[in-house]
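In listed order, ligands and their atoms are each counted from 1.
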Amino acid sequence: MKITAARVIVTCPGRNFVTLKIETDQGVYGIGDGTLNGRELSVVAYLEEHVIPCLIGMDPRRIEDIWQYLYRGAYWRRGPVTMRAIAAVDMALWDIKGKMAGMPVYQLLGGRSRDGIMVYGHANGADIAETVEAVGHYIDMGYKAIRAQTGVPGIKDAYGVGRGKLYYEPADAALPSVTGWDTRKALNYVPKMFEELRKTYGFDHHLLHDGHHRYTPQEAANLGKMLEPYQLFWLEDCTPAENQEAFRLVRQHTVTPLAVGEIFNTIWDAKDLIQNQLIDYIRATVVGAGGLTHLRRIADLASLYQIRTGCHGATDLSPVTMGCALHFDTWVPNFGIQEYMRHTPETDEVFPHDYHFEKGELFIGDTPGHGVDIDEKLAAKYPYKPAYLPVARLEDGTMWNW
Ligand SMILES: O=C(O)[C@@H](O)[C@@H](O)[C@H](O)[C@H](O)CO
Ligand SMILES: [Mg+2]
C-alpha cells in the first residue's frame with residue numbers, strides 16, 4: 001500500500017483551519033488537522049515544502065515509522081510548527097488505518113474505557129453579574145463542568161471574554177489587537193466571581209478557571225489559595241510553564257488542582273511537571289502534541305503519577321482534532337475532562353463529523369477512521385483570512401502575556 005498524493009486545504013468558515021488530506025493507491029484517504037492559530041501558513045509551508053514530498057510512495061500503514069521519520073528525520077526537533085505538521089500526518093494515517101480495518105480509531109487504540117466524555121464549556125461575561133448569568137445558561141444546557149472567565153473593571157478586553165454567547169474567537173483582527181492586564185485588579189476580582197458562583201449555584205457543578213499564563217508563580221500561588229474555598233476542578237495555566245520548576249512554588253502553597261499543557265508540543269515540555277507531580281491535569285492535545293501517536297505516550301507517563309488528561313479543545317482546534325481527541329478520550333484510562341468550545345454551524349458544515357453532545361458529554365460514533373471529513377467544495381468558498389491573536393500590555397505599556 002502506498003501514499004499517492006497529499007495536499008493541504010486552507011479554509012476560513014469563520015476562522016482559519018489547515019487540513020491535510022492524504023490519498024492512497026487503494027482509494028482510501030485520511031485527513032488531519034494542522035491549524036496553528038495566528039501562524040497558520042507556516043504549517044502549510046512546512047507540510048507542502050518539506051513533508052509531502054517525503055510522504056509520496058511511503059506505506060501509510062507504518063504510522064509509527066513515519067512519525068519517527070518526520071520527528072528524528074528533520075534533525076530539528078520539537079516546536080509548534082513541526083509538531084503540528086507531524087500531527088496532521090499522524091491523524092490522517094490513523095484515519096486511513098481505521099478505514100482499512102473497518103473500525104473507529106478508539107478500537108485501534110485499545111477499545112472503550114467509558115461511554116460519554118465529560119466536557120466543559122466556556123461561560124464568560126463583561127463582569128461578575130454577566131458571568132454568573134452565563135454559567136446558568138450552561139447549566140441549563142446540561143453541562144456538568146463550566147469554565148468561568150470574567151471581564152475585570154479597569155482592564156481593557158481581558159482574555160476570555162467573548163463577544164457572542166456561544167462562539168468565542170480571540171483571533172479577531174488582521175493585525176494583533178492590543179488588550180490590557182493588571183494583576184492586582186484581577187486578584188481582587190476573580191475570587192469574588194467564584195464566591196458569587198458558589199452562592200448562586202452551590203457545589204454540584206465543576207467550575208474551572210484559566211489564568212492564561214499571566215501570573216508570576218507567587219501570584220499564582222496566592223490566587224490558588226484564595227480560590228480554595230470554591231473547590232475548583234482546576235486552575236489552568238496559572239503561570240508560564242517554560243520553566244517547569246516554577247510550579248513547585250505554586251504547588252507548595254495551594255491544594256487547588258493545577259492544569260497545564262495547551263501550548264505543549266512534546267512529552268519533554270511536560271516531563272518534569274509530571275514526574276514531580278506538580279500538576280493534576282495535562283492539557284496537551286492531538287494537534288498540538290504530534291498526533292495520537294505521541295499524545296498517548298504523554299498520557300501513559302502521566303498515568304504513572306495519577307495525573308489525568310484534559311485535552312485542549314478551543315475553536316482553533318478543528319473538528320478533525322476534536323474527533324481524534326474524542327477517540328483518545330474514549331480509550332485513555334486516565335481521562336479527566338475534555339474542553340469543548342463549540343464550532344460555528346459554518347465550520348460544522350465544512351467538516352461533517354460523527355460526534356454529538358448530550359447532557360454535558362460528547363459521544364463519538366462508530367464510523368471507521370476518526371469519523372471527520374472535509375467538504376472540499378464548501379471549504380473552497382471560504383478563503384484564508386489573516387487573523388492574529390491579541391497581545392497584552394500593562395498600563396505603563398510593558399508587554400505582558402496575553
Ligand atoms: O483554554 C483555552 O481554551 C484557551 O487558553 C484557548 O482559548 C487559547 O487562548 C486559544 O486556543 C488560543 O488560540
Ligand atoms: Mg487555556
Within 2.8 Å of the Mg ion (ligand 2), is there any N, O or S atom belonging to E236? yes
ring-ring contact (aromatic ring centres under 6.0 Å, His included) partner of W181, the single match among W402, Y215, Y159: Y215
If the cut-off is 4.0 Å to any non-hydrogen atom of A314, which atoms of ligand 1 fall inside it? 3 (O), 6 (C), 7 (O), 11 (O)
Measuring from atom CD1 of I274 to atom CD of Q277, what distance do you get when rounded to the nearest 0.5 angstrom? 10.5 Å
Counting heavy atoms only, name the option from L208, D316, D210, L389 that's nearest to atom 11 (O) of ligand 1. D316
T266 (side chain) donor-acceptor with W268 (main chain) under 3.5 angstrom: yes
Show the atoms of ligand 1 that are less than 4.0 angstrom away from any heavy atom in R283. 1 (O), 2 (C)
Within 2.8 Å of the Mg ion (ligand 2), is there any N, O or S atom belonging to E262? yes
Give me the ring orientation class for Y230 and F194: parallel if the planes are under 30° apart, tilted from 30 to 60°, perpendicular past 60°. parallel
If you have a sec, work out which protein heavy atom is nearest atom 7 (O) of ligand 1 and how many Å separate them, to one decimal? Y159 OH, 3.4 Å
The Mg ion (ligand 2) - closest N/O/S atom in D210: OD2
Ignoring hydrogens and angles, tell me if any N or O in the side chain of R198 forms a donor-acceptor pair with the backbone of G202 under 3.5 Å. yes
Output, in order, the C-alpha distance, side-chain angles, deciding distance and verdict of salt bridge (Lys or Arg N to Asp or Glu O under 4.0 Å) for R147 and D210. CA-CA 8 Å; R147 184 187 98 152; D210 192 345; 3.0 Å; yes
For atom 3 (O) of ligand 1, grab the closest protein heavy atom and report residue, atom and distance to one decimal in Å. E339 OE2, 2.4 Å
Shortest non-hydrogen separation from N401 to P240 and the atoms involved: ND2-CG, 3.8 Å
N37 heavy atoms, cut-off 4.0 Å: which ligand 1 atoms fall inside? 13 (O)
For ligand 1, which atoms have a heavy atom of H212 less than 4.0 angstrom away? 4 (C), 5 (O), 8 (C), 9 (O)
So for W402 against ligand 1, with non-hydrogen atoms under 4.0 Å, the contacting part is side chain
When distances are taken from atom 5 (O) of ligand 1, the protein heavy atom at minimum range is E262 OE2, 2.5 Å
Main-chain N/O of A6 paired with E23 side-chain donor or acceptor, under 3.5 Å: no
